[in-house]
Amino acid sequence: MLIHAVLGFALLETLVLAAVLLAFADRVAGARLLSAFLVGISVWMVGNELPNWLGPETERVMMFLLSTAPFTSVLFFHFCVVFCRVNIGRAGLAAAYALGGGATLAAMVMVPGHIAQHPDIGWIAVAGTVGWVASMAWVVLGIGGVSVLLHALLRARREGDGQKFRQIAAVTASCLWGMLCLTGYGIAVLGWPVYPFPLLGLPLYSLILVYGILRYGVFVANAWARRALVWALLLALGAGVVALTPLLPFESRWLGGLAVAASVLALNGPVRRMAERLVYPGGRVSIADLSAWRSALLPAETLEALAQQAAALLSHRIGTQVEVHIGEPPQAASSTPQLVCTRSSNGEVEGWHATLQGWDAAPPGPRHVAELFGTVVAEAAARVEQAQHAAARERDRQLQARLAELGTLAATVAHDIRNPLNIISMAVAAAPGDTRREVAEQVARISNLTHDLLDFAKPWKLSPSTIDLATHVRNAALRLPDVSLGAGLDQPLLLQADPRRVDQVLTNLFENARIATSATDDPATPSKAATHSHVHIDAEYTADAVLLHVCDAGPGVPVEIRSRLFEPFASRSPGGTGLGLAIVARIMAAHGGSVVLTERPPWSTCFTLRFPLTTSS
């Protein structure tokens, strides 16, 4: 009969689902409990069908199997508690297990009922007094489990947790559908003159539960799960065709089998597409979607701009806020789902790769979209990185070309200037002393300018060696009046650097500090600093560098030139050439370090040099 074919198929589905959940038990909260519950449901279905399979003499075994229903309800209740993370304490669980286990033992020891013939179902169990008591126990436990689900559903709605709300709603809907299907047995037991049609929907209980699990993250969807769902749907289709074969105008097993095979083959494609939509609702990504994403990300010229554009696209697509990090992984944990795109260079997986963080509770559909979107973001990150490298190489090429032109110009100018300077110097030999001193001073300024131009423009290489930066600082500071040295210079500061260029950096900075503080020699000005010194020098170690701070209590750096302070001729101190800080910046860059203007109260001006602990020649 049709009902027996439907129940047999439902039994097969339930066992397959139990095995699947058990295989992925480490990824699903309460999966083992849910798997055990489904096995209990299978035992209960076997008990109901056993007399119809093997005859009424199996009545005693049938009653024994049906007696396990209260304990199966305990497993369902326990799963709901774990899945919804509801704390009822050990006492609550112990009471539930006592109720279900006690009812099961009582039904096994005593006679729970007898079997009777039903015109539509065949042999069916009719509960006696013990059976009704046991039935009330599993009904109470079942209602308790659904109550836990409803309570958690309302809590998730109050808290505004839409993701959790949809998860619990899916499981609740599947459980309510299962209870509705089981009312078919109630119709038969009560003897109502109605066909027990709710039992025909029992196979859908497993499918609804599978759908809820796969869609809302109770079970991790994968390609195997999709294939399993496809085969389940095809088997259901085949069972439906078999059930309809008696309506054919002819009787032939060969023709019936051919009809089943033809139906399954013809609907194989639509069933697979349906399974794809069931497993990945909202997760269908077309070639047009991929092209649109690539086009939308194409204008991004930096990784920061790419991350912002990618976050906006993905958030709009899946309907929830998503963070996108490109280059560096996030430092702090976030409750917002994140797509992290990083570059790896370890062997075969070299390149950009996208990973998902904080998507454990997300439905497989949006998660599937995010995974495909991540591949597009990784491609875009590689493109941006290549474009930035190309732009950096072009800037370096142009800089080298400009420096070469400037070097040629400076060498020509220096050569053409030296001879007139010598003539001027000799021409004023007989002039008064004040005139000779003035001319000599101006000639020296021009000579210094040509020297700095040549030094800045010409190509040169470092000659690094191991030096003690603290010793170089102390020696250079001897030329500074009114200077204080910090405690960081009391210990050796060993690093790989070009000693001549380091001395040049220190000389330029110390000369700037001396000139800046010469304008504030008034004793009333030390209020700018915490000490009576006009210049303060200190150093410190970090994890990968040595930092040297050169601070002074001068008038400070004007705001309008701070952004271009290290460019040639951006600032010119009295008697300076305007190239001192530009040369400092170039020397530090050649060492793989940097120089920046920092804030270190109470000093008005402070330059911080960063020397890396590894050489960069």
Side-chain angles (χ1 to χ4, degrees), residues 395 398-399 402-403 406 409-410 441-442 444-457 473 476-477 479-486 501-540 545 547-591 593-611:
R395 286 194 300 268
Q398 293 179 1
L399 177 60
R402 288 197 298 269
L403 289 177
L406 182 58
L409 176 62
E441 182 178 344
Q442 298 305 320
R445 288 186 59 186
I446 297 174
S447 297
N448 290 336
L449 176 58
T450 56
H451 178 272
D452 284 352
L453 276 172
L454 286 171
D455 189 44
F456 180 78
V473 171
R479 300 188 294 270
L480 282 176
D482 201 10
V483 62
S484 62
L485 302 179
R501 293 297 180 181
V502 169
D503 287 339
Q504 186 178 4
V505 166
L506 298 177
T507 299
N508 287 359
L509 286 183
F510 291 175
E511 182 64 16
N512 281 357
R514 184 191 65 78
I515 295 174
T517 56
S518 64
T520 57
D521 255 348
D522 189 346
T525 59
S527 59
K528 291 185 179 181
T531 72
H532 294 291
S533 300
H534 285 122
V535 179
H536 181 72
I537 309 170
D538 202 355
E540 61 178 308
L547 303 183
L548 182 68
H549 309 288
V550 181
C551 307
D552 66 65
V557 178
V559 175
E560 61 271 16
I561 67 170
R562 290 190 175 189
S563 61
R564 52 188 181 88
L565 185 59
F566 299 100
E567 297 177 4
F569 308 111
S571 66
R572 297 188 68 173
S573 57
T577 64
L579 291 170
L581 291 179
I583 292 174
V584 169
R586 188 181 177 199
I587 293 174
M588 294 305 299
H591 281 84
S594 62
V595 56
V596 292
L597 181 67
T598 55
E599 299 288 340
R600 293 178 68 83
W603 305 97
S604 57
T605 305
C606 188
F607 291 97
T608 297
L609 303 172
R610 180 184 178 277
F611 291 91

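Side-chain atoms are counted along with the backbone in the values below, which use heavy atoms only and exclude waters and symmetry mates.
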In chain order, what residues pass the side chain to side chain donor-acceptor pair (under 3.5 Å) check against S594, with sequence neighbours excluded?
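None.
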Measuring only between side-chain heavy atoms, which start at C-beta, is [X] closer than 4.5 Å to [Y]?
X	Y	answer
R600	H536	no
F611	M588	yes
L597	F607	yes

Quick one: pull up CZ in R501 and CZ in R586 and give me the separation to the nearest 0.5 Å.
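One gets 8.0 Å once the value is rounded to the nearest 0.5 Å.
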So how far is it from L506 CG to I537 CD1, rounded to the nearest 0.5 Å?
8.0 Å
Worked check of side-chain contact (heavy atoms from CB on, under 4.5 Å) between L509 and L609:
CA-CA 10 Å; L509 286 183; L609 303 172; 3.7 Å; yes
Using every non-hydrogen atom in the two residues, find where [X] and [Y] come nearest and quote the distance to one decimal.
X	Y	value
F566	A585	CB-CB, 3.9 Å
A476	F510	CB-CE1, 3.4 Å
A513	V535	CB-CG2, 4.0 Å

With sequence neighbours left out, write down each residue that passes side chain to side chain contact (heavy atoms under 4.5 Å, CB included) with N508, or none if nothing qualifies.
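Expected list: Q504, I583, V584.
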Got a sec, which residues hit salt bridge (charged side-chain N to carboxylate O under 4.0 Å, His left out) with R562, two or more places apart in sequence or on another chain?
E599
Quiz: residues 549-560 side-chain donor-acceptor pairs under 3.5 angstrom, not counting sequence neighbours:
from: H549; atom 1: ND1; to: T608; atom 2: OG1; distance (Å): 2.9
from: H549; atom 1: NE2; to: E540; atom 2: OE2; distance (Å): 2.8
from: D552; atom 1: OD1; to: G554; atom 2: N; distance (Å): 2.8

Scan L548, D538, V502, D503 and name whichever one has a side-chain contact (heavy atoms from CB on, under 4.5 Å) with V473.
L548
Determine, step by step, whether T517 and D482 satisfy the side-chain contact (heavy atoms from CB on, under 4.5 Å) criterion, reporting the C-alpha distance in whole Å, the side-chain angles of both residues, the deciding distance to 0.1 Å, and the verdict.
CA-CA 10 Å; T517 56; D482 201 10; over 6 Å; no
